[in-house]
Amino acid sequence: MGYALAAAARDAGAKVTLISGPVVIPAPERVNCLRVESARDMLDCALAQLSSCDIFVAAAAVADYRPMTAAHQKIKKSADSMELTLVKNPDVVATVAAHEQRPFTVGFAAETQDVDIYARDKLVRKNLDMIIANDVSGTDIGFNSDQNAVTVFWAENQQSFAQMSKQALARELVELIAHRYQQSKAPSIS
Ligand code: C5P
């Protein structure tokens, strides 16, 4: 979905930087693609882009935890059981949204139940401007599929998009994000 959004934003006229973890799909043309391997690298890379970023869309499925230590050589078999200690990764989108140079920030929420409750909770907890939620309890949309269906939440509003190709959905999402971004910049009437 992140790659489809990058291409759709480019087609809408945006100058796009795509920060990507290891994937097998090729980077879209005319998009500045920066490759990272870890959540910490992704955060460093995102923070380095903030001064030139108006809209930040966090579509990556970043691991919440990482192994505390990494072996540089093959681990030899010995004991019957092994313990793996995991430590929390930084939350990339929440860190960006808390930054003093905060761009208009959009997150994703992949949920298997109570999608709206969890998505709205993340919208507030991570201090996002919008959140795009999809139900990943089925196998026909979302991960490992070219199709997706989402509901977008912001402030008191929401808008649902029925199942369609990720490319078509990305165009709809870019239009909605651009519209909300413009409204966030417009002076409010008191
Ligand atoms: O909490 P959860 O992982 O479901 O939140 C999803 C949103 O948070 C996505 O926008 C994802 O890109 C972002 N995220 C992040 N850093 C993490 C974990 C998730 O930016 N370590």
Side-chain angles (χ1 to χ4, degrees), residues 1-39 41-43 45-46 49 53-66 89 91-94 96-97 103-123 126 128-154 157-181:
M1 200 63 236
Y3 275 55
L5 278 167
R10 173 206 61 200
D11 292 345
K15 186 175 164 213
V16 180
T17 297
L18 172 64
I19 304 172
S20 173
V23 291
V24 289
I25 41 179
E29 286 172 19
R30 290 177 287 111
V31 160
N32 177 26
C33 186
L34 306 174
R35 303 272 177 195
V36 294
E37 295 248 325
S38 69
D41 291 346
M42 182 170 272
L43 177 61
C45 192
Q49 302 296 319
C53 176
D54 298 313
I55 301 176
F56 183 83
V57 181
V62 187
D64 290 327
Y65 292 87
R66 67 178 182 278
N89 266 332
D91 192 302
V92 180
V93 74
V96 166
F104 186 86
T105 309
V106 183
F108 269 78
E111 307 291 347
T112 55
Q113 55 178 352
D114 297 329
V115 176
D116 22 352
I117 295 170
Y118 288 123
R120 281 221 169 268
D121 173 65
K122 259 170 223 175
L123 179 72
K126 300 195 184 199
L128 308 176
D129 294 291
M130 303 175 81
I131 193 156
I132 302 164
N134 56 338
D135 187 337
V136 289
S137 58
T139 53
D140 54 335
I141 58 164
F143 297 130
N144 297 321
S145 168
D146 290 336
Q147 301 272 310
N148 210 352
V150 300
T151 302
V152 187
F153 298 88
W154 68 94
N157 299 306
Q158 66 185 70
Q159 185 172 342
S160 292
F161 295 89
Q163 183 171 337
M164 62 183 103
S165 74
K166 285 182 175 173
Q167 280 69 27
L169 180 59
R171 285 194 289 274
E172 302 268 2
L173 291 173
V174 163
E175 197 180 322
L176 178 60
I177 292 167
H179 182 66
R180 291 295 313 149
Y181 170 71

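Keep in mind that this is a model prediction, so the values were computed, not measured. One is the number of the first residue; the rest follow in order along the sequence.
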Whether the S160 and T151 side chains hold a donor-acceptor pair (N or O, under 3.5 Å, no angle test) is what I'd like checked. yes

Would you check, one step at a time, whether the test side chain to side chain contact (heavy atoms under 4.5 Å, CB included) holds for W154 with D129? CA-CA 6 Å; W154 68 94; D129 294 291; over 6 Å; no

Just checking Y181: does its OH atom have more than 12 heavy atoms from other residues, nucleotides or ligands closer to it than 6.0 angstrom? yes

Evaluate side chain to side chain contact (heavy atoms under 4.5 Å, CB included) for V106 paired with L128, printing each intermediate quantity in order. CA-CA 6 Å; V106 183; L128 308 176; over 6 Å; no

Would you say that more than 12 heavy atoms from the other residues, nucleotides or ligands in this model lie under 6.0 Å from the CD of E175, or not? no

How long is the span from the CZ atom in F153 to the CD1 atom in I131, to the nearest 0.5 Å? 9.0 Å

What distance separates L123 CG from T105 OG1, expressed to the nearest 0.5 Å? 11.0 Å

Using a strict threshold of under 4.0 Å (side-chain N to carboxylate O), is an ion pair present between K126 and D91? yes

Pair V31, Y3 - check side chain to side chain contact (heavy atoms under 4.5 Å, CB included), show working. CA-CA 10 Å; V31 160; Y3 275 55; over 6 Å; no

Looking only at heavy atoms, what is the nearest atom pair of L18 and G2, with distance? CD1-O, 4.3 Å

Can you find a heavy atom in the side chain of V23 that is under 4.5 Å from one in the side chain of R35? yes

Give the minimum heavy-atom separation between K166 and A4, together with the two atoms involved. O-CB, 3.7 Å

Quick one: closest heavy-atom pair of N134 and A149, and the distance? CB-O, 3.4 Å

Taking C-beta and beyond as the side chain, do R180 and V152 meet within less than 4.5 Å on heavy atoms? no

So which heavy atom on V16 is nearest to which on A6, and how close? CG2-O, 3.7 Å

Just jot down the side-chain contact (heavy atoms from CB on, under 4.5 Å) partners of R171, sequence neighbours excluded, or say none. A8, Q167, A168

Give the C-alpha distance, both sets of side-chain angles, the deciding distance and a yes or no for side chain to side chain contact (heavy atoms under 4.5 Å, CB included) between F108 and V93. CA-CA 9 Å; F108 269 78; V93 74; over 6 Å; no

Heavy-atom side-chain contact between S38 and R66 under 4.5 Å: no

Is there a side-chain contact between I132 and M1 in this structure, where contact means two heavy atoms from C-beta onward sitting under 4.5 Å apart? no

Between V174 and A12, which heavy-atom pair has the shortest distance, and what is it? CG1-CB, 3.9 Å

Would you say that I19 contacts V92 through its side chain, given a criterion of any heavy-atom pair below 4.5 Å between the two side chains? no

What distance separates E37 CD from M42 CE, expressed to the nearest 0.5 Å? 11.0 Å

Any side-chain heavy-atom pair from E172 and Q159 closer than 4.5 angstrom? no

Check whether D41 reaches the backbone of V36 with its side chain - one donor and one acceptor, N or O, closer than 3.5 Å. no

